[in-house]
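Scroll down for the structure; my scribbles are underneath it.
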2 protein chains.
Amino acid sequence: MGLEFDANKPIYLQLIHRISSEIVRGDKREGEKLPSVREYAVEVGVNTNTISRVYRELELLQIVTTKRGQGTFVTEDVNRLTRLREEMKQEQIKQFIMDMQEMGFSINEMLEGIMNNGSEGQ
Amino acid sequence: MGLEFDANKPIYLQLIHRISSEIVRGDKREGEKLPSVREYAVEVGVNTNTISRVYRELELLQIVTTKRGQGTFVTEDVNRLTRLREEMKQEQIKQFIMDMQEMGFSINEMLEGIMNNGSEGQ
DNA sequence: ATCAGTGTACTATTTAACTATAACACTAAT
DNA sequence: ATTAGTGTTATAGTTAAATAGTACACTGAT
């Protein structure tokens, strides 16, 4: 196995984002168990310590709960997940607009660009 | 001085993006001289070698031309700059759509999100 | 009590980015 | 020829991310 990573960003950050996305889009539901650190490490082809760090940071963000000896689970707190979805959406949009404006593109150019590319990618 | 950097991405990549943006939005014109490596290093508070690396990579991308003994200049090739603008725009949009779809958002949610946030930020 | 499965912790090593410092090489002007 | 300003190169050291390997600690079931 071994998924692909962007060599310019820390793997643990990419994994945090990946898992958060899976939860936000409903691929992983509240209370669902994540793979064990060893299992997930093998699956994505990284070291156990890296996964351990990912789970630890996700717990700080209150996105997962760790039960020692049992595993790591998506939080049961549905409110938290609703907020997370909104936070991630807003952050992504904010960053996109900032980057595009930094390059001198107008809001209209952004909207058009998304409509043109979006029809194929959807 | 010392501008701010995102601690999670290499400084040299952030600078490449920053300079490219300045060129694409017309803040730096074709043929315009960039600051010398030493000057720019002091300005942004990093090491000379880091700026040297930035200029070297920008030259590989054919965005700037280096004239040894004289300095580093934005390319005179206007076609290249036009292409660059389009490339950066498309890349940004593609990445945005991918990230948003990964989180389960629809094209309509993207468009609405941008229209709502854009009015303030514009 | 034992065992399999879980997260946690520690030490040592490697790699890439960045830094500090210094020297080198080219160009234009004097 | 010299000088000031430019990019380039090289060595050495620091830091953070990631790795490998190992051991520890907790839980639930047998």
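Letters go in sequence order (proteins before strands), and every chain restarts at 1.
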Worksheet item: Is any side-chain N or O of A:Ser52 closer than 4.0 Å to OP1 or OP2 of C:dT8?
Response: yes

Worksheet item: DNA chain D: A:Thr50 or B:Leu34, which has the more 5' nearest nucleotide?
Response: B:Leu34

Fill in: Residue B:Arg68, side-chain atoms from C-beta onward, closest of C:dC18, D:dT9, C:dA25
C:dA25

Worksheet item: When the distance from CG of B:Asn47 to P of D:dG7 is rounded to whole Å, what number comes out?
Response: 14 Å

Discussion item. In this structure, how many angstroms lie between the P atom of D:dA16 and the CD atom of A:Glu57, rounded?
Written reply: 14 Å

Fill in: Any B:Tyr12 side-chain N or O less than 4.0 Å from OP1/OP2 of C:dC18
no

Response to the item:
The answer to which of A:Ala7 and A:Glu39 contacts DNA chain C further toward the 5' end, by nearest nucleotide, is A:Glu39

Fill in: Where A:Thr75 and A:Gln62 come nearest, the two heavy atoms and their spacing
CG2-O, 3.7 Å

Worksheet item: Expressed in angstrom and rounded to an integer, what is the separation of B:Arg56 atom CZ from D:dT9 atom C1'?
Response: 9 Å

Worksheet item: Any ion pair linking B:Lys89 and A:Glu112 (charged N to carboxylate O, less than 4.0 Å)?
Response: no

Worksheet entry | Spacing of B:Asn8 atom CG relative to C:dC18 atom P, expressed in whole Å | 12 Å

Discussion item. Can you measure A:Ile51 atom CD1 to D:dA17 atom P for me and round it to whole angstrom units?
Written reply: 16 Å

Item to complete: Would you kindly give the NZ-to-P distance between A:Lys9 and C:dA16, to the nearest whole Å?
Response: 19 Å

Worksheet item: Between the base of C:dG5 and the side chain of A:Arg38, is there any donor-acceptor pair under 3.5 Å?
Response: no

Discussion item. Under 4.0 Å from OP1 or OP2 of C:dA28: is there any side-chain N or O of B:Gln70 that close?
Written reply: yes

Worksheet item: So does A:Thr72 get a side-chain nitrogen or oxygen closer than 4.0 Å to the phosphate oxygens (OP1/OP2) of C:dT6?
Response: no

Worksheet item: Taking NZ, NE, NH1 and NH2 as the nitrogens, is one of them in A:Arg85 or B:Glu109 under 4.0 Å from a carboxylate oxygen of the other?
Response: yes

Discussion item. Does a side-chain N or O of B:Ser36 approach OP1 or OP2 of D:dG5 to a distance below 4.0 Å, or not?
Written reply: no

Practice prompt. Answer with base, sugar-phosphate or nothing: what part of the nucleic acid does A:Arg53 contact at a heavy-atom distance below 4.0 Å?
Written response: sugar-phosphate

Discussion item. By nearest heavy atom, map A:Lys67 and A:Gln14 onto DNA chain D; which one lands nearer the 5' end?
Written reply: A:Gln14

Worksheet item: Just checking, any donor-acceptor pair under 3.5 angstrom between side chains of A:Asn79 and A:Asp77?
Response: no

Fill in: Exercise: do A:Gln95 and A:Asp99 side chains pair donor with acceptor under 3.5 Å
yes

Discussion item. As a test of reading the structure: which of C:dT6, C:dT21, D:dG7 is closest to the side chain of A:Lys33, going by heavy atoms?
Written reply: C:dT6

Discussion item. Between the base of D:dA10 and the side chain of B:Asn49, is there a donor and acceptor pair under 3.5 angstrom?
Written reply: yes

Worksheet entry | Closest to the A:Val46 side chain, choosing from C:dT8, C:dT21, D:dT19 | D:dT19

Response to the item:
A:Asp6 atom CG is separated from C:dA17 atom P, nearest whole Å, by 12 Å

Fill in: Nearest-angstrom distance from the residue atom CZ of B:Phe5 to C1' of D:dT15
17 Å

Worksheet item: Looking across every strand, which nucleic acid part, if any, lies under 4.0 Å from A:Thr48 by heavy atom: base, sugar-phosphate, or nothing?
Response: nothing

Discussion item. Salt bridge (Lys or Arg N to Asp or Glu O under 4.0 Å), that's the test. Do B:Glu57 and B:Arg53 meet it? Break it down for me.
Written reply: CA-CA 6 Å; B:Glu57 304 225 6; B:Arg53 176 172 189 184; 3.3 Å; yes

Discussion item. Of the options D:dG28, D:dT8, C:dC18, whose atoms approach the side-chain atoms of B:Pro10 most closely?
Written reply: C:dC18

